[in-house]
Amino acid sequence: MSKYKKLFLPLILVLGILFIIFFGRTVSTKSAAVKDNRTEVVFWHEMGGPAEKSLMKIVDGFNKSQTKYRVVPKYQGSYDAAIQKILQTHGTSTSPAVFQAFDISAAQMMHSKFTVPVQHFIDEDNFDISKISPVARSFYSNNNQQQAMPFNTSQPVLYYNASLLEKYGINPPPTSPSYSDITRVAKEIYEKSHHQVKGMTVQIYGWLLEQAMANSGVGLTNNNDGHTGIPIKATINNPASKEFFEWVRENQKSGDFMNYGSGAMAGTNQTTGFLNGKIGMFIQSSASISQLNKKNKNKLGITYFPHPDGRKANGVAIGGAALWISNDKSKDVQRGVFEFIKYTLNPEIQAQWQKDTGYLALNKDSQETKTLKELYKKNPESKVSSKQLQEAIPNNFNSGILMEGMQKTRQIEQFAMESIYNGGDITRALKDADQKIDDNLTTTNRANGYH
């Protein structure tokens with residue numbers, strides 16, 4: 001190295017440091033000034049992958065739509081992990097102003113006393129929520145008070161391989177099928193494919209058992225699934241549950257049923273099996289439609305969640321999560337949260353959210369937007385899940401389960417389903433599940449001071 005280079009290198013380094021310090025401070029000061037001019041609204045969410053990108057577009061759109069508030073999104077990992085962080089940080093400077101909490105934590109959030117009911121701001125603004133899906137709103141409502149606003153919303157639907165049905169000349173199931181309607185199609189797929197394609201599957205997943213009960217008009221617990229009082233007794237051992245499992249067993253005996261087991265891999269494997277033409281039908285969240293349309297070489301068919309024979313469908317509950325307002329922030333910050341919530345309910349925002357993610361648009365006016373009309377023209381089946389949501393009339397059994405300890409309940413339901421799928425006695429498995437859920441309810445309610 002020359003002597004000139006040796007002299008200039010330290011000088012360049014010093015100048016570089018001074019440049020960073022000076023201009024860095026300038027940029028930082030400007031940035032701080034921008035933040036100081038707005039009320040900061042910290043938003044904790046659990047959206048990853050493509051859904052997070054779409055969420056960032058919504059946040060950015062809101063921030064650009066006005067100059068008073070700035071929403072700051074912060075990813076918190078899984079739903080379960082986020083709930084624990086919310087409970088542990090409440091009342092501190094690190095807690096969020098608005099947070100996304102999943103459906104089965106609704107009772108826990110309501111009982112925590114950590115939130116301001118959204119109803120407070122709805123009343124203050126005389127904000128019309130009549131166009132927002134009633135069955136979605138009802139999940140996060142208690143005593144006619146809207147506690148939180150549904151956000152990323154889904155419902156279970158039945159997907160079928162329409163190309164496969166056309167290939168074998170099989171009539172597709174009706175829009176709102178009975179168990180027998182699905183069994184017919186499953187058997188035909190299995191027989192006409194010379195046993196090369198299984199007709200159907202129903203994943204071992206407690207959410208699907210709960211939806212089967214909801215669609216039959218019965219609850220998982222007493223006190224109308226927690227809507228008229230704290231649940232103290234499980235009621236899974238009921239005729240509707242037995243009918244659901246007898247339907248599964250009938251298809252198992254016919255050989256047209258595929259059991260993928262339980263857990264995350266079961267969901268992945270059944271989707272893969274469907275996309276690869278190894279299985280003709282499966283039940284899963286309506287939010288899966290985006291993935292299925294992108295990766296599917298076959299024509300996709302969709303129907304509503306099946307209902308028992310000879311009985312009208314009662315409607316299924318929603319899945320997903322809602323936006324809650326923390327009560328440990330200033331009134332100005334809380335106001336900023338509600339302004340953001342109102343923005344997310346805009347028909348066009350909701351329409352784009354459905355197109356991008358597969359989650360359902362909650363504002364009924366979204367159905368008239370150019371965005372969804374173009375989506376339905378390209379993928380007509382996408383409209384089916386929206387219609388299922390629109391047609392559901394909320395009642396105590398299709399408005400979710402307001403019960404604490406739902407994570408444990410789901411584990412118990414899964415154990416019962418595994419037992420039945422593997423040939424165990426249906427009544428015995430359901431009685432055992434009721435007893436275990438009752439024990440958990442007793443412990444949970446005592447810990448919360450409900451007894």
_Before you tell me yes or no, could you show the steps for V71 and V59 under side chain to side chain contact (heavy atoms under 4.5 Å, CB included), namely the whole-Å CA-CA distance, both residues' side-chain angles and the distance that decides it to 0.1 Å?_
CA-CA 7 Å; V71 171; V59 171; 3.9 Å; yes
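- Note that OG1 of T271 is 10.0 Å distant from CD1 of I279, once rounded to the nearest 0.5 Å.
- Under the side-chain hydrogen bond (donor to acceptor under 3.5 Å, both in side chains) rule, Y304 has a single partner from E391, K387, Q388, which is E391.
- Interatomic distance, OH of Y205 versus OG of S262, reported as 12.0 Å (0.5 Å rounding).
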*Could you please spell out the steps behind the salt bridge (Lys or Arg N to Asp or Glu O under 4.0 Å) verdict for E339 and K342?*
CA-CA 5 Å; E339 293 302 317; K342 288 193 293 186; 3.2 Å; yes
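- A distance-only check finds a donor-acceptor pair linking the side chain of Q350 to the backbone of L362 [under 3.5 Å].
- Side chains of S176 and K312: no donor on one and acceptor on the other come within 3.5 Å.
- Taking the six-membered ring where tryptophan is involved, the planes of F340 and F62 are perpendicular, since the angle between them exceeds 60° and thus also 30°.
- Contact annotation: the side chain of N298 never approaches that of L164 to less than 4.5 Å [non-hydrogen atoms, C-beta and beyond].
- S286 and S385 share no side-chain donor-acceptor pair at under 3.5 Å.
- What you find for N259 and I204 is that their closest heavy atoms are OD1-CD1, 3.8 Å.
- No side-chain donor-acceptor contact under 3.5 Å links T369 and T371.
- Aromatic ring orientation, Y190 versus H195: parallel (interplanar angle below 30°, classes split at 30° and 60°).
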*Go through the steps for D356 and K57 under the test salt bridge (Lys or Arg N to Asp or Glu O under 4.0 Å), then give the verdict.*
CA-CA 11 Å; D356 289 348; K57 286 195 293 185; 3.1 Å; yes
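- A donor-acceptor distance shorter than 3.5 angstrom exists from the side chain of Q354 to the backbone of A361, with no hydrogens or angles considered.
- Expressed to the nearest 0.5 Å, how far OG of S241 lies from CD1 of I236 amounts to 6.5 Å.
- Between M109 and T115 the shortest heavy-atom distance is O-OG1, 4.2 Å.
- Under a 3.5 Å cut-off, the side chain of K408 and the backbone N or O of I437 do not form any donor-acceptor pair.
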*Are V202 and F257 close enough, and set up right, to give a side chain to side chain contact (heavy atoms under 4.5 Å, CB included), and what steps lead you there?*
CA-CA 8 Å; V202 180; F257 189 92; 4.1 Å; yes
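- Note on ring orientation: taking the six-membered ring where Trp is involved, the planes of Y179 and W247 are parallel (angle under 30°, cut-offs 30° and 60°).
- Taking NZ of K355 as the start and CG of L372 as the end, the distance is 9.0 Å to the nearest 0.5 Å.
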*Under the salt bridge (Lys or Arg N to Asp or Glu O under 4.0 Å) rule, what do E381 and K299 come out as? Steps first, then yes or no, please.*
CA-CA 9 Å; E381 69 284 350; K299 183 180 175 183; over 6 Å; no
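- Although no hydrogens or angles enter the test, the distance criterion places no donor-acceptor pair under 3.5 Å between the side chain of D225 and the main chain of G219.
- A donor-acceptor pair under 3.5 Å is formed between the side chain of S178 and the backbone N or O of D181.
- Nearest heavy atom pair, residue E46 against residue S78, reads CG-O, 3.7 Å.
- Judged by distance alone, with hydrogens and angles left aside, the side-chain atoms of N422 form no donor-acceptor pair with the main-chain N or O of I420 at under 3.5 Å.
- Taking the side chain as every heavy atom from C-beta outward, L275 and L292 approach each other to under 4.5 Å.
- Under the 3.5 Å distance criterion, with hydrogens and angles disregarded, a donor-acceptor pair is assigned to the side chains of Q284 and Q203.
- At a cut-off of 3.5 Å, with distance as the only test, a side-chain donor of Y450 or E404 sits close to an acceptor on the other residue.
- Using a distance-only test at 3.5 Å, with no hydrogens or angles considered, no donor-acceptor pair links the side chain of N379 to the main chain of Y376.
- Here the rule is side-chain hydrogen bond (donor to acceptor under 3.5 Å, both in side chains) with Q435, and of D439, D438, D432 only D439 fits it.
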_Verdict with supporting geometry, D365 and K131, salt bridge (Lys or Arg N to Asp or Glu O under 4.0 Å)_ = CA-CA 7 Å; D365 287 349; K131 291 184 177 181; 2.8 Å; yes
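- With 3.5 Å as the limit, one finds no donor-acceptor pair spanning the side chains of T228 and N223.
- Within the 4.5 Å cutoff, no side-chain heavy atoms of F282 are placed close to those of Y160.
- Nearest heavy atoms, M47 versus W353: SD-CH2, 4.0 Å.
- Distance alone, capped at 3.5 Å, places no donor-acceptor pair between the H90 side chain and the I86 backbone.
- The two residues P394 and S138 come nearest to each other via the heavy atoms CB-OG, 3.6 Å.
- With 3.5 Å as the limit, one finds no donor-acceptor pair spanning the side chains of S216 and E243.
- When each of N448, T442, L441 is tested with T444 by the rule side-chain contact (heavy atoms from CB on, under 4.5 Å), just one qualifies, namely N448.
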_V337 vs V116, side chain to side chain contact (heavy atoms under 4.5 Å, CB included): CA-CA, chis, key distance, verdict_ = CA-CA 11 Å; V337 173; V116 177; over 6 Å; no
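- The shortest heavy-atom contact between T175 and V384 is CG2-CG1, 4.5 Å.
- Side-chain contact between N445 and P231 is absent, with no heavy atoms from C-beta onward closer than 4.5 Å.
- The side-chain heavy atoms of Y79 and D103, taken from C-beta on, include no pair separated by under 4.5 Å.
- Side-chain contact between M149 and I122 is present, with at least one heavy-atom pair separated by less than 4.5 Å.
- Considering CG of L402 and CD of Q147, their distance stands at 9.5 Å, rounded to 0.5 Å.
- Between the side chain of R184 and the backbone N or O of N171, at least one donor-acceptor pair lies under 3.5 Å.
- Relative ring orientation between F121 and F338 is described as parallel, the plane-to-plane angle staying below 30° on a 0-90° scale split at 30° and 60°.
- A donor-acceptor pair is defined here as one N or O able to donate and one able to accept, closer than 3.5 Å; no such pair exists between the side chain of N215 and the backbone of A212.
- Contact annotation: the side chain of V316 never approaches that of N398 to less than 4.5 Å [non-hydrogen atoms, C-beta and beyond].
- Between the CG atom of D80 and the NZ atom of K85 there is a distance of 12.0 Å, given to the nearest 0.5 Å.
- Looking at S386 and Q367, their side chains come closer than 4.5 Å, going by heavy atoms from C-beta outward.
- Taking the charged nitrogens against the carboxylate oxygens, R410 and E210 do have a contact shorter than 4.0 Å, which makes a salt bridge.
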*Run the side chain to side chain contact (heavy atoms under 4.5 Å, CB included) check on L87 and Q108 step by step: do they pass?*
CA-CA 10 Å; L87 296 174; Q108 189 175 21; 3.4 Å; yes
